[in-house]
Amino acid sequence: MEWGSATLAFYGVGAAALATSLVALRRRLQLSKAKHPSLTGHSRMARRVASFVPFYEYGEAEFFHTDDAPEEVAARRRAGFMRLAALYRQRFVQTIGRTAEVTETISDLQFTDAYRVPFQYSRFVREHLKTGAFVQSSAGVLVTDLDGNSFYDLTGSYGVNLFGYDFYKETIGAGFERVRELGPVLGPYHPVIAENVKRLREISGLDEVSFHMSGTEAVMQAVRLARYHTRRTHLVRFCGAYHGWWGDVQPGIGNPVPAHETYTLKDMSEDSLRVLRTRRNIACVLVNPLQALHPNAGAPSDSSLLDSARTAHFDKDTYSAWLKRLRAVCTEQNIPLIFDEVFVGFRLAPGGAQEYFGVRADLVTYGKTLGGGLPIGVVCGRKDLMKRFREDRPADICFARGTFNSHPYVMAAMREFLRFLEMPQAQALYRDLDRIWDERARLLNQRLREAALPVEVANMSSIWTVSYRQPSRYNWMLQFYLRAEGLALSWIGTGRLIFSLNYTDADFAAVADRFVAASRAMQQDGWWWSDPALTNKSIKRRVLKEMIARRFASRDDHPNS
Ligand SMILES: Cc1ncc(COP(=O)(O)O)c(C=O)c1O
């Protein structure tokens, strides 16, 4: 009898263990299904693959026909490239000279310089088409380098420049005046902070506000608070989304250690919602609404422009519907939803992405332009999520401080920025905003198509990206032709063009003329030579072959292998 009950108990425990492992297995499978099939969706795998990519490069002999273009085309490319190189040397002499003096001692510069184009082409490009890192002045929509060359600014200063540089000069100036008497006293507040908090609460529709020095810090704090209050560990981010450079939100390439408590899920996918419904360890969901322009893809940098597979398309209705579904699941599962509006906040609508997409978040991070031109990160959130201590557990706190948080000068510039948002001029700028920028994009695309150029732009309001309609290994060359035409791009090149809202139709027409002229020159120089055998697939396959060959060659070459 005793033996019988022991056996029964044994089977009972076995059955329970089996059921538990089946549930765990099911969850594991659900998680796998919710990952985007690309490497961007598999952070750990991406890191592993990245560590295998060997360095190799194209010397002058191969540089101009890595796509097997005929000699005549390669010669045209070489002539075009050398013409550009001569123009850069002559036109940007001071700017390039000053840049060369500091590059070896500024690590940031060495990085951006190396990753402006795919690494195989990088050294040759750097030798000939040096890009200056200095500008002397800004006015209207122009920036001017040390040689006196003016460029239409399409960098948008990483998104900070929303209303035009002159606006921020005034904002900073007026802000400085307002707090001059106090100066840079830190710790105690200048009264201006109360006005900011009031406006930010109105704008965000949330209860409390905390101030930080960068968008990255604001995101760190929002996630930390969510973990603290839910007592859960994992943050969910969507494939490709950028949330600053903190390790937990950058689990893939770029971060030397893996982020164990981050799930990277497919954007706009039912599979991801299923994971949110079934996992009990999810502390928050982070959304960067910019991903609506290129869901599941990373920041479209020209350094990864190996072929023409980069695409983008913004569909506001579809993305709004997705956010609403996501909101509903987060509410149902009691998971705080964080909108990371560091980039898009105030750019899409005065009330940010919440207003624009018609969805409310539990925590919102802002940054960039909100500082009125000075460094900033802000978290707005529900009262219960913002609290940093527990009344009943005095030692259980959620610590967050920062020497420069709430700096009087930043607070005062922010006040000027927020004050402007309330003015009729600002409201006029937001009126018809999307229609204006969509129409500008449409006109440029029409011109590019009429000129039979294989380039097109896609946009989410004033944030634009360039894609290429025909397979090519040289699309990244366009950034150099654009610069030669007086258009300033950030180091990620044609992947991200950011316009400030003070662009007039005439300014934009000038940009469009230059864009078309640059593309035409690039085409005439043969970079977009096409051949039926040259497909995005064949390009990828070829690059992969080169990497494998180099990988094994370098093993054989290595004395210790
Ligand atoms: C959506 C988003 N979150 C966070 C950050 C990080 O902000 P910061 O560069 O100020 O640290 C950025 C910066 O580009 C961003 O676009």
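These numbers come from a predicted model, not from an experiment. Side-chain atoms are counted along with the backbone in the values below, which use heavy atoms only and exclude waters and symmetry mates. Remember, it's 1-based here, ligands and their atoms both numbered in the order they're listed.
Counting only distance, with no hydrogens or angles, the side chain of Arg496 and the backbone of Tyr158 share no donor-acceptor pair below 3.5 Å. One N or O on the side chain of Tyr168 and one on the backbone of Phe163 form a donor-acceptor pair closer than 3.5 Å. Proximity of a side-chain donor or acceptor of Thr40 to a complementary backbone N or O of Cys239 within less than 3.5 Å is not detected.
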>> With salt bridge (Lys or Arg N to Asp or Glu O under 4.0 Å) as the criterion, how do Lys368 and Glu341 come out once you've worked through the C-alpha distance, each side chain's angles and the decisive distance to 0.1 Å?
In response: CA-CA 9 Å; Lys368 297 202 191 258; Glu341 299 202 27; over 6 Å; no
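Among Thr494, Asn475, Asp307, the one residue that satisfies the side chain to side chain donor-acceptor pair (under 3.5 Å) test with Tyr468 is Thr494.
At a heavy-atom cutoff of 4.0 Å, ligand 1 is surrounded by Ser214, Gly215, Thr216, Tyr242, His243, Gly244, Asn288, Asp340, Val342, Phe343, Lys368.
Tyr263 and Arg237 share no donor-acceptor pair across their side chains, judged by distance under 3.5 Å alone.
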